[in-house]
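Input: a single structure, listed below in structure tokens.
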Amino acid sequence: MAIEIKMPALSPTMEEGTLAKWLIKEGDTVKSGDIMAEIETDKATMEFEAVDEGTVGKILVAEGSEGVKVGTVIATLLAEGEEAGAEPAPAATEQAAESAAPDAPKDAAPAPEGGEPHKAETGARQLFEAAKHDSDIADPALPEGTEMVRMTLREALRDAMAEEMRADDRVFVMGEEVAQYQGAYKVTQGLLDEFGERRVIDTPITEYGFAGIGTGAAMGGLKPIVEFMTFNFAMQAIDHIINSAAKTNYMSGGQMRCPIVFRGPNGAASRVGAQHSQNYGPWYAAVPGLIVIAPYDAADAKGLLKAAIRSEDPVVFLENELLYGRSFDVPKLDDYVVPIGKARTMRAGKDVTIVSYSIGVGLALEAAEKLAAEGIDAEVIDLRTLRPLDTQAVLRSVKKTNRLVVVEEGWATCSIASEISAVVMEQGFDDLDAPVLRVANEDVPLPYAANLEKLALVNADKIIAAVKKVTYR
Amino acid sequence: MAKAPATRTAQPPVPNRERPNEPVPYAASKDELLALYKQMLLIRRFEEKAGQLYGLGFIGGFCHLYIGQEAVAVGLQSALDGEKDSVITGYRDHGHMLAYGIDPKVIMAELTGRAAGISKGKGGSMHMFSTEKKFYGGHGIVGAQVSLGTGLAFKHKYSGDGGVAMAYFGDGAANQGQVYESFNMAELWKLPIIYVIENNQYAMGTSVNRSSSEDQLYKRGESFRIPGIQVDGMDVLACRGAAEEALAWVRAGKGPIILEMKTYRYRGHSMSDPAKYRSREEVQAVRDKSDPIDHIKKLLEEQGVQEEDLKTVEQAIRKTVNEAADFAEQTPEPDVAELYTDVLVERY
């Protein structure tokens, strides 16, 4: 029976890709480990290896095909004795090849009850899916008729850095794999080619050291962008971010500045486990002397990163890996800068205010859409900057809706959500018709198993339940 | 018959890479010597006064005195170009500031937490800076200044300004991980930096022998291909000579270099340290035999400087220090509104 070769998922968030090149042709024999094709994802071109042995039967997707969905049968492989052109076997589930074969030895572990092989659905995927939601409302600061360009968040961040580097020679970028590798997540793609190795600098794996070097260079008068491959690794460097960068201006009586941007992905990615899945927003937002930014869409990512690079203060710029490949409209302007410290109304509503930031905004918008179908009109606010917090924007909205739910992809304890609830209790108590509710991740380290990860992460249903509670529906 | 043994040459082994020359003590003129003496004495008297003010309650918190180590900062920094070379150190920073020509008044006023202090009273003893004089602190986290100083060196190279960074740290900080992360990148990128290990023998109460598997700290750069030189840190001319050699190495684009300065602090680690980990006799022996100020005084006398002239110098310095102390005691504390200023540079 012919073996189906399917378009593989080459990253946790890949949904489709380009079949760039076939390296085999019909009739070739392949064995396990042979490279069959080159497949382009949004991040990179990857080689696709054969797992099974056999003769290539039919190539079903021509090379150069774009937008090939993961799981599409792209070729068939014939076992010994089979003839080319034989009908492909009925679709098997993707993991079938890896699970026990029918003639497995008898002492093999029994399949669990109801143990049909199944592809696990992850919590991160829900976050990722929700990040398809765009704001209903255009940035009011934009001139009317501004042309918009669709681009990924990754490209928007890159453009922001490139534009600022063109404008100011003091700006440079350093970090692990930012130059020759073109960025671990391809955010710095192309920068080395344009700016050269003087300004795009690969570092050894040495977060504490290069965070300190960047901070020292900023004290000396440069404007470094320090990329952490993820903010989880910045734990090694947090001493320089807080003790050296954040406190210097104050300790020197305003004499010694530290204009630096620490940036990189933050929060849960997909199935990477507890040590690689944490939201550091509340940690950094707790520290006076820092600016903390966590954008949701590509326009804000671009405009806020440009503002961060220009700022004379140290900035922690928290990105989200699941959002990097997401496309949004970005204003086509020569110099699009978004002011730091201003929240944005993503959706207007009158019944309840949902406040969030970063990837939580997507969930909030998804929940708002579903709630609208049930007759609940939710307003969604994206904080965008976590320090300084735009508390007035939240208070204004609560004055209108009298109900507040704060959504956070992170732990609730000592969170941004906790801070917002405290502020609203202190300054907006009389406007509240219900207690403020926090909707956040479960209070556990993020588990690996897909079903547990899904349970641990915040999702739209949890938001909807909280909204119904505060609206007494 | 067995083969004849290979002929051996009597040549010493050739080092596998270039090394700096062994430094020679600096040949100071009489005027230069006198200038070095004045700076060292200023630090000694300033620190003694700071100790007194601490005892009287004018200075609070942590206060780390530089007494005994004066030859290091004075000898090394006298070789730097104050227009372009930058200096950074840890929390024992008063001496390095005085050696870089910063007004004793604003330093002392910072120690007493006054508005006229160099950090407006908001930094204190461990957190003082003068970007104007290219002195970048004054850092309270042990070893942080090593990475930060490497960043200053990065800036010198990036801007092509011809400057060299001098980063001081102690024998205690020499065991911090970020020191080696910085060494690695500094050599990899050939950054213009002189790492100065002020080995005063004790990391707070722990002696070098009790804390360091390799106690010859000048060798600590070997696995990064950074050469190191051990220097008598109680001899100001040896310090200056070593600085000249190190500067020649770094300015020639050969990358970083390490100077291990063997020195000694007479006082406790900070004002609250009774120094029970060493004997009174040990301290007294160093004072008697190798005091850096006595040493330079002898050199001056050998050059024919009269005792009377030295007395005049002493009086002038006492006057400067007393004036700084009076100023620091009398000048007002920061305005309460200063509590909220300088947290951020910009308004958002």
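Because only heavy atoms are used, hydrogens play no part in the values below, and waters and symmetry mates are left out as well, while side chains stay in. Order of the sequence lines sets the chain letters (A, B, ...), proteins ahead of strands, with each chain counted from 1.
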Is it the side chain or the backbone of [X] that comes within 4.5 Å of chain A heavy atoms, both, or neither?
{"X": "B:Leu339", "answer": "both"}
{"X": "B:Met185", "answer": "side chain"}
{"X": "B:Thr131", "answer": "both"}
{"X": "B:Glu110", "answer": "neither"}

What's the shortest heavy-atom distance between [X] and [Y], and which atoms?
{"X": "B:Leu152", "Y": "A:Gly216", "value": "CD2-O, 3.5 Å"}
{"X": "A:Tyr208", "Y": "B:Ser147", "value": "O-OG, 4.4 Å"}
{"X": "B:Leu188", "Y": "A:Pro204", "value": "CD2-CG, 4.0 Å"}
{"X": "A:His240", "Y": "B:Ala144", "value": "CE1-O, 3.5 Å"}
{"X": "B:Glu346", "Y": "A:Arg310", "value": "OE2-O, 3.9 Å"}
{"X": "A:Asp313", "Y": "B:Tyr348", "value": "OD2-OH, 2.7 Å"}

For B:Ile141 and A:Asp239, what are the C-alpha separation, side-chain angles and deciding distance, and is it a side chain to side chain contact (heavy atoms under 4.5 Å, CB included)? CA-CA 9 Å; B:Ile141 305 298; A:Asp239 171 47; 3.5 Å; yes

Among the listed options B:Lys122, B:Lys120, B:His156, the residue most often paired with chain A at heavy-atom distances under 4.5 Å: B:Lys122

Go through B:Gly151, B:Gly138, B:Ser130, B:Gly124 and name the one with the most non-hydrogen pairs under 4.5 angstrom from chain A. B:Gly151

Does a side-chain heavy-atom distance below 4.5 Å link A:Ser311 with B:Leu344? no

Taking atom [atom1] as the centre, does [X] end up with more than 12 heavy-atom neighbours from other residues, nucleotides or ligands that are less than 6.0 angstrom away?
{"X": "A:Glu194", "atom1": "CD", "answer": "yes"}
{"X": "A:Leu142", "atom1": "CG", "answer": "yes"}
{"X": "A:Arg166", "atom1": "CZ", "answer": "yes"}
{"X": "B:Phe327", "atom1": "CZ", "answer": "yes"}

Whether [X] side chain and [Y] backbone form a donor-acceptor pair below 3.5 Å:
{"X": "A:Asn249", "Y": "B:Asp342", "answer": "yes"}
{"X": "A:Gln255", "Y": "B:Phe129", "answer": "yes"}
{"X": "B:Glu181", "Y": "A:Phe210", "answer": "no"}

Can you confirm whether the side chains of A:Arg170 and B:Tyr158 place a donor and an acceptor under 3.5 Å from each other? no

Using a 4.5 angstrom heavy-atom cutoff, name the option from [options] with the most pairs to chain B.
{"options": "A:Leu290, A:Asn243, A:Ile213", "value": "A:Ile213"}
{"options": "A:Ile201, A:Asp390, A:Thr248, A:Thr385", "value": "A:Ile201"}
{"options": "A:Ser244, A:Pro388, A:Gly341", "value": "A:Ser244"}

Assess whether side chain to side chain contact (heavy atoms under 4.5 Å, CB included) is satisfied between A:Met251 and B:Ser119, documenting all intermediate values. CA-CA 6 Å; A:Met251 291 196 306; B:Ser119 300; 6.0 Å; no

Region of A:Gln236 in contact with chain B, defined by heavy-atom distances below 4.5 Å: neither

Please evaluate residues A:Lys247 and B:His127 with respect to the criterion side chain to side chain contact (heavy atoms under 4.5 Å, CB included), reporting the C-alpha separation (whole Å), side-chain torsions for both, the decisive distance (0.1 Å), and the verdict. CA-CA 10 Å; A:Lys247 296 174 182 173; B:His127 311 118; over 6 Å; no

To the nearest 0.5 Å, what is the distance between CH2 (B:Trp189) and CD (A:Glu197)? 11.5 Å

